[in-house]
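Presented below is the structure to which this report refers.
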Amino acid sequence: MKLSECLEFVGRPVAYYPKLSRFIGSVKATIFLCQFIYWDGKQKDKETRWIFKTQSEIKEETGLSRYEQEGARRELRKRGYLEETHKGIPRKVNYRINWDKFNGDWEQWIKKNL
């Protein structure tokens, strides 16, 4: 069977912005962040904007392994772009993009790099 005939079985593509990887400094962190940019606004709790995704769901959606996800999360937290909290029993990690920090740093980066 040809790949063009199998694409429906391959899964959905991930939106990825290469310029963001130059800004963030990591392709994997950018892929991780882009997936949460996609989900932002689609979560159940639209007021607080927390997004719950399991490690397995993120792997299915992005292809990032557990260790790649952990490295991406660490990088994004260090930069202040990703917030995490634990909710529920058993504890589940919930994520939220810090848009104020992200937008402020992006504007500065654009001024320096254009």
Side-chain angles (χ1 to χ4, degrees):
M1 185 180 285
K2 297 177 185 172
L3 179 59
S4 59
E5 296 168 348
C6 295
L7 285 178
E8 66 184 80
F9 301 109
V10 174
R12 295 186 303 184
V14 174
Y16 167 71
Y17 304 97
K19 188 177 261 187
L20 279 182
S21 66
R22 293 196 307 267
F23 165 63
I24 292 173
S26 164
V27 171
K28 292 173 186 172
T30 303
I31 291 169
F32 190 93
L33 182 66
C34 284
Q35 191 63 12
F36 282 89
I37 289 171
Y38 168 80
W39 283 109
D40 190 49
K42 296 176 178 72
Q43 63 271 54
K44 289 180 182 177
D45 187 352
K46 294 182 188 209
E47 190 172 315
T48 64
R49 302 184 85 104
W50 288 106
I51 301 166
F52 169 69
K53 286 283 177 185
T54 66
Q55 219 170 54
S56 296
E57 289 171 326
I58 296 167
K59 182 176 183 178
E60 180 69 27
E61 293 172 2
T62 65
L64 296 173
S65 71
R66 169 188 174 185
Y67 300 106
E68 290 169 327
Q69 290 177 46
E70 289 171 357
R73 289 170 53 200
R74 190 170 34 257
E75 181 64 30
L76 294 167
R77 283 193 316 265
K78 181 177 83 173
R79 292 176 169 271
Y81 304 151
L82 186 69
E83 299 173 345
E84 296 181 4
T85 190
H86 295 87
K87 295 182 178 185
I89 299 174
R91 290 177 6 136
K92 297 176 182 176
V93 181
N94 286 251
Y95 305 92
R96 178 170 63 188
I97 298 169
N98 182 339
W99 284 111
D100 291 334
K101 173 72 169 143
F102 182 82
N103 289 332
D105 288 359
W106 174 254
E107 287 174 14
Q108 290 180 8
W109 186 83
I110 286 294
K111 287 176 186 174
K112 291 178 186 176
N113 292 283
L114 281 184

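Numbers here are sequence positions counted from 1.
- Partner of Y81 under the ring pair (Phe, Tyr, Trp, His ring centres under 6.0 Å) criterion, out of W106, F23, F36: F23 alone.
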* **Candidate pair I97 and L76, rule side chain to side chain contact (heavy atoms under 4.5 Å, CB included), full reasoning** => CA-CA 9 Å; I97 298 169; L76 294 167; over 6 Å; no

* To do: Please report the C-alpha distance between E68 and T62 in whole Å, then the side-chain angles of each, then the deciding distance to 0.1 Å, and finally whether the side chain to side chain contact (heavy atoms under 4.5 Å, CB included) criterion is met.
  => CA-CA 10 Å; E68 290 169 327; T62 65; over 6 Å; no

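- A salt bridge is absent between E107 and K111; no separation between the charged side-chain nitrogens and carboxylate oxygens falls under 4.0 Å.
- Under the salt bridge (charged side-chain N to carboxylate O under 4.0 Å, His left out) criterion, K101 pairs with D105, not counting sequence neighbours.
- Counting all heavy atoms, side chain and backbone alike, L64 lies closest to K28 at CD1-O, 3.8 Å.
- In this structure, A15 and C34 approach most closely via the heavy-atom pair O-CB, 3.1 Å.
- Within the 4.5 Å cutoff, the side chain of R73 has heavy atoms near those of the L82 side chain.
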* Evaluate the side chain to side chain contact (heavy atoms under 4.5 Å, CB included) criterion for residues V14 and Y38: first the C-alpha distance (whole Å), next the side-chain angles of each, then the deciding distance (0.1 Å), finally the verdict. => CA-CA 9 Å; V14 174; Y38 168 80; over 6 Å; no

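- A heavy-atom distance below 4.5 Å is found between the side chains of Y16 and S21.
- Taking both residues in full, the closest heavy atoms of A29 and A72 are given as CA-CB, 3.6 Å, listed atom of the first, atom of the second, then distance.
- Ionic pairing of K78 and E75 is present here: one or more N-O contacts between side-chain nitrogen and carboxylate oxygen are shorter than 4.0 angstrom.
- Legend: ring pair (Phe, Tyr, Trp, His ring centres under 6.0 Å) pairs involving residues 41-60, not counting sequence neighbours: none detected.
- For residues 51-63, every residue pair satisfying the salt bridge (Lys or Arg N to Asp or Glu O under 4.0 Å) rule, not counting sequence neighbours, is listed here: K53-E61.
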* **Candidate pair I24 and F32, rule side chain to side chain contact (heavy atoms under 4.5 Å, CB included), full reasoning** => CA-CA 11 Å; I24 292 173; F32 190 93; over 6 Å; no

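- Applying the salt bridge (Lys or Arg N to Asp or Glu O under 4.0 Å) rule to pairs touching residues 89-98 yields E83-R96, sequence neighbours excluded.
- A salt bridge (Lys or Arg N to Asp or Glu O under 4.0 Å) check over residues 16-25, counting only residues at least two apart or in different chains, returns nothing.
- How far CG of L20 is from CD1 of I37: 6.0 Å, rounded to the nearest 0.5 Å.
- With sequence neighbours excluded, the residues satisfying ring-ring contact (aromatic ring centres under 6.0 Å, His included) with W99 are F102.
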